[in-house]
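What you see is a predicted model; the values in this text were computed from it and never measured. Numbers for residues simply follow the sequence, beginning at 1.
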Amino acid sequence: MSRTSRIYAAYTLALLAALACSSVNLNPSPDASAVGTSIAQTFIANLTETVAPNAATITAESPTFTYTPETPSLTPTQTLTPTPTNTFTPLIPMVSVSVATNCRTGPGKVYPMVGALMTGVSAQVYGRDPTGKYWYIHNPDNQNNFCWIWGEYATLTGSISTLPILTPQPTPTPTRTPTPTATFTAKPAARFIAAFVDLRTCGGKRWTQFAVKNTGNFPFRSMSIIVQDAKKNVTAARTANGFAYVNACAWTSPIAVLHQGDATTISAAAFNYDLTNRNLRAWIVLCVQPNQGGTCVQRALNFKP
């Protein structure tokens, strides 16, 4: 039963009780209008207290906050560009060789040999031939002259693109060969044999000495000797017209021409340290013309003083 129904029932019972009391006249009768008014007021008061109209429920709404996180603005990290390292390139063109290379009066084997560029030695390059296979340098054996070396075993450094292209001198006139006859005749040729003789010492200097003999058909008038101590990378070179050697700390008078069948002793340039029991190599070149001109013949020797 609802609250309102209970209130109506209570009111009805109260009314019935009042009527019952009014029928038994035990006490003086109250004013009927007053009683009705009192009952009505009580009912109305209870009704007002109990059955009050539904009060509006006020709910305070909490404000809704939407949190939007601020995306941080990232400042890009500066990328540092490494400072390039400058690689120094020498401007002066230089040449060195991995194998001892002959230096000739022209760019080719037909030209006479006047010196040699040895391993471990560098020379400045002053020009090149039109083919780019030969290089023009100071003669390693005579700095007053120039000569050409073959580039097969050469290593170039520096700026070579600006080197001048030099026109070589005409090739030497070949030695005239006699007209052969019907009878077989051995072809004339320049030849010689060589052998190590001894080591001469004087005043702290050492000269290696060699015996040479002309076994060919042409006389020799100039020579070149290169002796190399490969272990210490030291080279002694000598070029001369005529043939001489060191005797008693002095050079002998040179023989101007080494004719067919002649033999003599020649000395290389001096070393400034003891060569005893050192493994050495020598290149001996004899030429039929002065200043290493004409036909030249080379012999290579390995020896130990």
Side-chain angles (χ1 to χ4, degrees), residues 100 102-103 105 112-121 123 138-145 147 190-305:
N102 293 334
C103 202
T105 59
M113 190 190 77
V114 294
L117 183 63
M118 309 306 295
T119 58
V121 179
H138 270 300
N139 185 346
D141 300 329
N142 185 353
Q143 290 295 308
N144 295 324
N145 297 320
C147 56
R191 293 186 297 268
F192 74 94
I193 57 175
F196 172 71
V197 177
D198 60 11
L199 180 67
R200 295 295 175 90
T201 302
C202 184
K205 295 183 177 181
R206 280 83 174 174
W207 291 269
T208 52
Q209 310 224 95
F210 304 87
V212 292
K213 181 178 181 179
N214 186 346
T215 59
N217 305 100
F218 298 94
F220 293 111
R221 293 178 172 84
S222 60
M223 54 154 282
S224 176
I225 305 179
I226 300 169
V227 179
Q228 183 184 50
D229 183 352
K231 187 174 182 179
K232 295 191 68 171
N233 196 24
V234 175
T235 300
R238 175 173 174 261
T239 301
N241 290 327
F243 308 90
Y245 62 95
V246 174
N247 184 26
C249 298
W251 287 91
T252 63
S253 299
I255 298 174
V257 180
L258 190 66
H259 294 283
Q260 181 180 2
D262 289 349
T264 189
T265 300
I266 56 176
S267 296
F271 284 83
N272 294 322
Y273 60 90
D274 189 9
L275 299 177
T276 304
N277 293 324
R278 302 193 71 88
N279 293 316
L280 305 177
R281 184 171 177 80
W283 292 267
I284 302 174
V285 180
L286 303 186
C287 300
V288 298
Q289 297 296 333
N291 301 315
Q292 291 72 56
T295 301
C296 294
V297 182
Q298 175 178 288
R299 294 288 180 267
L301 300 173
N302 294 320
F303 65 100
K304 181 185 291 186

(message) Can a donor-acceptor pair be found, under 3.5 Å and without considering hydrogens, that links the side chain of Gln209 to the backbone of Val246?
(response) yes
(message) Quick one: does any side-chain atom of Ser222 pair with a main-chain N or O of Gln289 as donor and acceptor, under 3.5 Å?
(response) yes
(request) Would you indicate whether the side-chain heavy atoms of Phe192 and Leu258 approach each other to under 4.5 Å? (result) no
(message) Could you report the tightest heavy-atom contact between Val212 and Ala194, atom names first, then the distance?
(response) CG1-CB, 3.9 Å
(message) Does any part of the side chain of Thr235, heavy atoms only, come nearer than 4.5 Å to the side chain of Ile226, both counted from C-beta?
(response) yes
(message) Please verify the inter-ring angle class for Phe303 with Phe210; under 30° counts as parallel, over 60° as perpendicular, anything in between as tilted.
(response) perpendicular
(request) Measure across Ala190 and Val297 and return the closest heavy-atom pair with its distance rounded to 0.1 Å. (result) O-CG2, 3.1 Å
(request) Return yes if a side-chain donor-acceptor contact under 3.5 Å exists between Thr105 and Gln292, otherwise no. (result) no
(message) For Gly115 versus Asp141, what's the shortest heavy-atom pair and its separation?
(response) CA-OD2, 2.8 Å
(request) Under the side-chain contact (heavy atoms from CB on, under 4.5 Å) rule, what do Asp274 and Arg206 come out as? Steps first, then yes or no, please. (result) CA-CA 7 Å; Asp274 189 9; Arg206 280 83 174 174; 3.9 Å; yes
(request) Working to the nearest 0.5 Å, report the span between OH of Tyr245 and CD1 of Ile255. (result) 8.0 Å
(request) Could you please spell out the steps behind the side-chain contact (heavy atoms from CB on, under 4.5 Å) verdict for Leu275 and Thr208? (result) CA-CA 9 Å; Leu275 299 177; Thr208 52; 4.0 Å; yes
(request) Could you tell me whether the side chain of Arg281 and the main chain of Ala230 form a donor-acceptor pair under 3.5 Å? (result) no
(request) Please lay out, stage by stage, how Arg221 and Asn241 fare under the test side-chain contact (heavy atoms from CB on, under 4.5 Å). (result) CA-CA 6 Å; Arg221 293 178 172 84; Asn241 290 327; over 6 Å; no
(request) For Ala211 and Val197, work out which heavy atoms get closest and say how close. (result) N-CG2, 3.2 Å
(message) Could you measure the distance from the CG atom of Leu286 to the CD1 atom of Ile266? Nearest 0.5 Å is fine.
(response) 6.0 Å
(message) To the closest 0.5 Å, what do you measure between NZ (Lys205) and CG (Asn272)?
(response) 6.5 Å
(request) Report yes if some heavy atom in the side chain of Pro140 is under 4.5 Å from a heavy atom in the side chain of Val121; otherwise report no. (result) no
(message) Measuring from atom CG of Leu117 to atom SG of Cys147, what distance do you get when rounded to the nearest 0.5 angstrom?
(response) 8.5 Å
(request) Please confirm whether the backbone N or O of Ser267 pairs with a side-chain atom of Arg238, one donor and one acceptor, at under 3.5 Å? (result) yes
(message) Between Asn142 (side chain only) and Thr239 (backbone N and O only), is there a donor and an acceptor less than 3.5 Å apart?
(response) no
(request) Give a yes/no verdict on a cation-pi contact between Lys232 and Phe271, requiring under 6.0 Å between NZ or CZ and the six-membered ring centre and an angle within 45° of the axis. (result) no
(request) Locate the shortest heavy-atom distance separating Trp207 from Ala268; write the atom from each residue and the value. (result) CD1-O, 3.3 Å
(request) Look up atom NZ in Lys213 and atom CZ in Phe220, then write down how far apart they are to the nearest 0.5 Å. (result) 13.0 Å
(request) Measure the shortest side-chain to side-chain distance between Gln228 and Trp283 over non-hydrogen atoms and say whether it is less than 4.5 angstrom. (result) yes
(request) Quick one: closest heavy-atom pair of Pro112 and Cys296, and the distance? (result) CB-SG, 4.3 Å
(request) Give a yes or no on whether the backbone of Gly216 and the side-chain of Gln260 come within a donor-acceptor separation of less than 3.5 Å. (result) yes
(message) Tell me if a side-chain donor or acceptor on Asn291 pairs with a main-chain N or O of Gly293 at a distance below 3.5 Å.
(response) no
(request) Measure the shortest side-chain to side-chain distance between Gln298 and Asn102 over non-hydrogen atoms and say whether it is less than 4.5 angstrom. (result) yes
(message) Is there a side-chain contact (heavy atoms from CB on, under 4.5 Å) between Asn302 and Asn279? Walk through the geometry before answering.
(response) CA-CA 7 Å; Asn302 294 320; Asn279 293 316; over 6 Å; no
(message) Let me confirm one number: the CG-CE distance from Asn233 to Met118, rounded to the nearest 0.5 Å.
(response) 9.0 Å
